Structures are given as structure tokens and as C-alpha cells.
Peer 1: 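What follows is a single structure, and I will ask about it in a moment.
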Amino acid sequence: MYKFVNGIPIYLQIVKEIKGAMISGKLKGGDRLPSVREIAEQYQVNPNTVQRVFMELDKQGLTYSERGIGTFVKDEPGLLEVLKNEEAARVVGSFIVEMQKLGYSKKDMLSLLNSAWQKEGEQHD
């Protein structure tokens, strides 16, 4: 069972999960999303919540629906890159805010990132 975070609307958390699947390549352009019922069962939520998820994905320009067939991931050049950049900006922004709360300067943050990269990042290249 999926664990939802308090204070963030459930539908937005599911949207984030689906966008993560797109970024990671689990969902590709042209892929059909599971049905409303399947997603509702997977996340143990009301089908109306999933309908809101689909409306949000459509509003963000990530999916399209074909009546009676299903909802599909848009197959547009550059869409994945836009998603990755948006998520990276969110992560970096959050990192900066949290590090500033801890009293780190830009120079300190860059030094920590360089050290961490030397220890961890290069292992994943």
C-alpha cells in the first residue's frame, strides 16, 4: 500500500508518482496509463481522485485521452527533458532552501556537493 504524505493533496502525490515513472522511462510516449479503476485499486483511493489525477496530467500537457480507449502519455520530442528539468529545479531549490536554513553559504554548499560527488557520484557514472 502506498504511503501518502500529510498536507499534500493525494491526487498531486499520485501525479508526482506518474511523472516520476515518465522521467525514469517506466512510462514512455504513447504508453497507455492504467485505467481509473486500476489506479484507484493500486493506491487505495476513490476513483474520483484518480479522475482528478488524469485531469491534472492532461492540464499539464503530459497525457491525452481517447474516448473509450484510455489515457496515453504524449509522445512529444523534448517532453521528457522538460519533465527532468522541472524536477531537477525543484530538487535543487529545495536543497538550497534547506541548506540555507542550516546556515550554509553558497561556497559551503558547493564544497559539500563536490566532496559528496567524489565519494558517491562518480560511482554511478
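Computed from a predicted model, the values in this text were never measured in an experiment.
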Peer 1: Taking the side chain as C-beta and beyond, is there a heavy-atom pair between Ile18 and Thr63 under 4.5 Å?
Peer 2: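 Counting from C-beta outward, Ile18 and Thr63 never come under 4.5 Å.
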
Peer 1: Within the distance-only criterion (no hydrogens, no angle test), does the side chain of Ser115 pair as donor or acceptor with the backbone N or O of Ser111 below 3.5 angstrom?
Peer 2: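 Present.
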
Peer 1: Do the side chain of Lys28 and the main chain of Gly25 share a donor and acceptor less than 3.5 angstrom apart?
Peer 2: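 At least one qualifying donor-acceptor pair exists.
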
Peer 1: Determine whether Ile96 and Leu110 fall in the same hydrophobic cluster, where Ile, Leu, Val, Met, Phe, Trp and Tyr are linked whenever their side-chain heavy atoms lie under 4.5 Å apart.
Peer 2: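 No, no single cluster joins them.
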
Peer 1: Please list all pairs passing the side chain to side chain donor-acceptor pair (under 3.5 Å) test where one or both residues lie in residues 15-27, with sequence neighbours left out.
Peer 2: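 Sorted result for residues 15-27: Tyr2-Glu17, Lys19-Gln60.
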
Peer 1: Taking the side chain from Asn85 and the backbone from Glu81, do they hold a donor-acceptor pair closer than 3.5 Å?
Peer 2: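 Side chain of Asn85 to backbone of Glu81, a donor-acceptor pair under 3.5 Å: yes, one is there.
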
Peer 1: Are Met55 and Met22 connected in the hydrophobic side-chain network, where two residues link if heavy atoms are under 4.5 Å apart?
Peer 2: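 As far as the 4.5 Å side-chain criterion goes, Met22 and Met55 are not connected within one cluster.
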
Peer 1: Got more than 12 heavy atoms from elsewhere within 6.0 Å of NZ, Lys84?
Peer 2: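 Atom NZ in Lys84 is not packed in, count stays at 12 or less.
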
Peer 1: Heavy atoms, side chains only, cut-off 4.5 Å: are Ile10 and Tyr43 in contact?
Peer 2: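 A side-chain contact is absent here, since even the closest heavy-atom pair is not under 4.5 Å.
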
Peer 1: Please answer: with hydrophobic residues joined when any side-chain heavy atoms are less than 4.5 Å apart, are Val92 and Leu112 in the same cluster?
Peer 2: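 Same hydrophobic cluster.
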
Peer 1: Between Ala40 and Asn46, which heavy-atom pair has the shortest distance, and what is it?
Peer 2: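 Distance-wise, the nearest heavy atoms are CB-C, 4.3 Å.
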
Peer 1: Is there a path from Ile23 to Leu12 through hydrophobic residues (I, L, V, M, F, W, Y) whose side chains come within less than 4.5 Å of each other?
Peer 2: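 Yes, it is one cluster - the side chains of Ile23 and Leu12 are joined through contacts under 4.5 Å.
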
Peer 1: Any side-chain donor-acceptor pair under 3.5 Å between Asp108 and Ser105?
Peer 2: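 A pair is found: one side chain offers a donor N or O, the other an acceptor, under 3.5 Å apart.
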
Peer 1: Would you find a donor on one side and an acceptor on the other, under 3.5 Å apart, between the side chain of Glu38 and the backbone of Ser35?
Peer 2: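 Side chain of Glu38 to backbone of Ser35: a pair is present.
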
Peer 1: With no hydrogens and no angle check, is any side-chain donor or acceptor of Gln13 less than 3.5 Å from a backbone partner on Ile8?
Peer 2: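 Yes: the side chain of Gln13 pairs with the backbone of Ile8.
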
Peer 1: Which residues pass the side-chain contact (heavy atoms from CB on, under 4.5 Å) test with Lys101, sequence neighbours left out?
Peer 2: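 Scan of Lys101 (side-chain contact (heavy atoms from CB on, under 4.5 Å), adjacent residues dropped) gives Val97, Glu98.
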
Peer 1: Side-chain heavy atoms nearer than 4.5 Å, only ILVMFWY residues, links allowed to pass through others: does that put Leu102 and Met109 together?
Peer 2: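 In one cluster: yes.
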
Peer 1: Please determine which of Leu79, Leu62, Leu57 meets the side chain to side chain contact (heavy atoms under 4.5 Å, CB included) test together with Lys74.
Peer 2: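 Among Leu79, Leu62, Leu57, the one that satisfies the side chain to side chain contact (heavy atoms under 4.5 Å, CB included) with Lys74 is Leu79.
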
Peer 1: What pairs meet the ring-ring contact (aromatic ring centres under 6.0 Å, His included) rule with one or both residues in residues 71-106, with sequence neighbours excluded?
Peer 2: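 Found Tyr64-Phe72.
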
